[in-house]
Structures are given as structure tokens and as C-alpha cells.
Amino acid sequence: MLVFLALVTVALASAHPPSEHFEGHKVFRVQVEDENHLDVIRELASNYQIDFWKPDSVIQVQARSTVDFSVKAEDCVAVEDLLEQNKLQYEVLISNLRNEMEAQFDSWSRAAGHSYTKYNNWETIEAWTQQVAKENPNLVSRSVIGTTFEGRPMYLLKVGKAKRNKPAIFIDCGFHAREWISPAFCQWFVREAVRTYGQEIHMTELLNELDFYVLPVVNIDGYVYTWTKNRMWRKTRSTQAGTSCVGIDPNRNFAAGWCEVGASKNPCSDTYCGPVPESEKETKALADFIRNNLSSIKAYLTIHSYSQMLLYPYSYTYNLPKNNVELNSLAKAAVKELASLHGTKYTYGPGATTIYLAAGGSDDWAYDQGIKYAFTFELRDQGRHGFLLPESQIQATCEETLLAVKHMAGYVLEHLY
Ligand SMILES: [Zn+2]
């Protein structure tokens, strides 16, 4: 019996990403008050291997803001010394990244295969896309919109009751590999759609009148890499001539002020915009699908983490979108809905002023294609766990987010254009 239990434990442990490498790594939150502090952060970034969590890279750090980043075990003392010498206020959000990484698997679910309240690896999600379509032929169909750099098919689920000329809402998850709560939401959304259709009046009406295109994971290669090699990977896994650095940031790779601000031309940066817009097979496939279905797609929702924010265009410029007032009041109503369930507080507004300037994002691009309702969700949390949100929070996070999405879908349905 003991031998059996030991074998089961080993089998379960080996299904999780390797975490030993992160032993003793810490995540800091630092208050950046002024330009001098900014210089200290830049010095840290150039002298040590710092992984920026929020904002996404050193180039986006601003005065009068906070910055979250992780530091390797061997550099922690030196980094803390430098912060203290220069009188930067800081706190340690995560004192041992390895422990936090292991602690995220705290689900009560005993399911061996797919579970909506656990993080599923790509193999499991891929099988689930087939299963959910097979089990709900009247509501869900699966197609392939392209293949990834490493050759994986990109599955898209179309969710809705068959009817001619329906308007549609496009939802994607998993742009950034390490934001695991994001794919969990896309799976949750499809489950709730099929589970409550015909039972719950609002969902039933939405699925009768709208189609939802759900892309469960955009950056599949990156997601696989976070399960097998490096839990903290963010970018795609493409390689190119002239550099040994791998991957580009898919959310800097769209033709919306491409690479002008808040993105890097350095292939080794975590916010590398790529050699040209849509250089990645994944972003090209997504953009092609939207271009080909522009007449039906009325809203674009892209799901990221973390920060608890609901953002709308623009992020590549401080200019406000034409329907700024409308987007603002829709965002306000959506975050109110979201908070009604568990009290989770979201901030909202145009990306550039609410989070930071960042060019080449898919929401700005979709908006400039003519999709009037384009939003980015930054799901839980606000940094306590960051990208390592425990599985025990999947359900609450997805439930509250679904309320916001349903509210927005209802609004879009009443304001077709
Ligand atoms: Zn992201």
C-alpha cells in the first residue's frame, strides 16, 4: 500500500512543471517614486537577471508607480542591499517562488483527467476541445484556424445555437504562456454555456442570438513550455536567424502602432515585438480569422492576468477611442457585475493610462479593424500570487469574470452595428 501511494505521488508530481530551479527565488514589489528610483531599477535590470512581472519589462517602468519582479536566489541579497541603500520602499510578495509554484496545485478535485477547477496541460485541453464539441453537437463546433511554430493545431470553438447571419463575439485566452488562469477561463466559459443553455434565461438568449468564438489557448507552444520546462515563460517559442533568444511577445506583434512604445526590438526581451507585425504563425492565424469574419464579429475580448483590470483602447497612444464614453460606461457596469459575486475590485479605463503604454496589442488592433467593443481582461490577483494563482481560486475567478462577460455580451446584443 505504501509503495502504491508513493508511486501515485511520484506520478502526480511529475505531471507538474519542474520547480527546483526556482528554489529561493523571490518576488519583490518596489515603490518607484521618482527618476532616481527609476535609474536604480534600470541598474538592477542590467546587472541581474530580473524577471519583470508587472509591468512586463523594464522599459515600461514609470516614476510614481509600483513594479513587481522576481530575482534569482543568489542575487536576492545584492538586490535588497541596493534597494535599501537607495531608499526604495519594497515588500517581498513571494519569499520562495518554488514553494509558491507547488502551492498553486491546491485543488480539491481528485479528477485525473480534465477538470474545470484545475489547471490542465495542453494535451488535456486539446482532448477536451474534441470532447466538448462531440458531446454538444447542437451548440459547439470545433475548427482549426492555423498551426503554431512547433506545428500544433490551433483549435477554435464556435459556441451558439445554429442560425443564419448571427453576430459574434470573439474571446481568446492564453496569449502569455505563464498566465494560466486565462485558459482556465475559456474552458469555464464553454462549460457554463453548454451547462446553462436552456436553463438560464440570459445565457440561453445570448447563445440563441450570438455566436461565441472561443480560442482556448493562443500561444500553445509557450503554454506547453510552461508545463515542461519553465513555468515562468511568457513568449512564443519561435526561433529566428541571428539570435539564440527564443520567442516574441504575441501581444506586441499586432499592427497597432507596432513597436512604437512599450515594446522592445531586442529579441531577448520579454516584450520583443518580432521582426514585423504578425511575424508569428499564432498571431497571423488569429488576425486572419478576425479579418475573414469582420462582418460578423461585434466584440473582441482577450483574457490575460494579473492585475484585476478591464482595459479598452488605446494602449499604443494616449489618444482616446471615438466611443470612449460608451466603452467607459460599459467597463464600469461590467466590473460592477464582476464585483457583485465575491467583492473582487477591478479598475478600468483606456490601457495607456490605466496600466501603461504598450504598442502592438490585439485589442487595439481589433478596435482599429472596426470592432467597436474591444477589451482586455487582466484577471486575479493583484500580486499576492501573481501568475501563480492557486487552483482553489479558479472557480471564483471564472464565475465572477463570466458575469462581466455575460453583461458585455448582452450589451453588444442590444447595440448591434
Ligand atoms: Zn498577458
Side-chain angles (χ1 to χ4, degrees), residues 27 51-61 67-70 104 119 148 170-186 214-227 230-237 247-254 256 259 261-264 269-274 280 282-283 286-287 300-316 346-348 350-352 354-366 374-383 385-389 394 397-398 401 404-405:
V27 178
D51 178 14
F52 283 83
W53 282 28
K54 190 194 165 192
D56 305 318
S57 66
V58 65
I59 51 173
Q60 289 172 292
V61 181
V67 51
D68 302 347
F69 54 76
S70 83
Q104 75 181 319
Y119 293 120
T148 68
F170 191 99
I171 306 177
D172 63 48
C173 293
F175 252 78
H176 292 132
R178 62 190 178 183
E179 299 165 7
W180 281 12
I181 187 61
S182 167
F185 176 74
C186 271
V214 180
L215 184 53
V217 183
V218 176
N219 176 12
I220 304 167
D221 297 346
Y223 189 69
V224 169
Y225 197 72
T226 61
W227 277 86
N230 179 354
R231 174 65 184 83
M232 301 321 300
W233 189 257
R234 165 182 169 88
K235 299 192 286 181
T236 62
R237 292 294 303 163
I248 64 97
D249 182 341
N251 209 30
R252 300 291 188 282
N253 195 229
F254 286 79
C259 225
V261 283
S264 173
S269 164
D270 244 359
T271 53
Y272 176 44
C273 58
E280 302 307 281
E282 297 84 354
T283 53
L286 196 167
Y300 172 80
L301 306 178
T302 183
I303 315 294
H304 290 249
S305 75
Y306 61 95
S307 287
Q308 295 176 199
M309 289 178 176
L310 182 53
L311 309 168
Y312 55 83
Y314 285 108
S315 288
Y316 71 82
Y346 268 54
T347 51
Y348 60 93
T354 309
I355 186 161
Y356 35 65
L357 278 171
S362 63
D363 54 351
D364 284 358
W365 175 82
F375 290 92
T376 296
F377 278 85
E378 295 281 355
L379 303 184
R380 290 192 195 184
D381 57 11
Q382 290 178 308
H385 303 286
F387 301 118
L388 301 170
L389 193 72
I394 293 176
T397 304
C398 291
T401 309
V405 169

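Just so it is clear, the values below take in all heavy atoms, side chains as well, and ignore hydrogens, waters and symmetry mates. No experiment lies behind these values; they were computed from the predicted model shown. Ligands are counted one by one from 1 in listed order, and the atoms in each one are counted from 1 as well.
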Ring geometry between Y225 and W233 (parallel below 30°, tilted from 30 to 60°, perpendicular above 60°): perpendicular
The Zn ion (ligand 1) reached by E378 (N, O or S, under 2.8 Å): no
Angle subtended at the Zn ion (ligand 1) by OE1 of E179 and ND1 of H304, nearest 10°: 90°
Shortest-distance N/O/S atom, H176 versus the Zn ion (ligand 1): ND1
Side chain to side chain contact (heavy atoms under 4.5 Å, CB included), paired with I303, selected from F375, F175, F377: F377
Plane angle bin for W180 and W227 - parallel if under 30°, tilted between 30 and 60°, otherwise perpendicular: parallel
From F387, F52, Y306, residue fulfilling side chain to side chain contact (heavy atoms under 4.5 Å, CB included) relative to D68: Y306
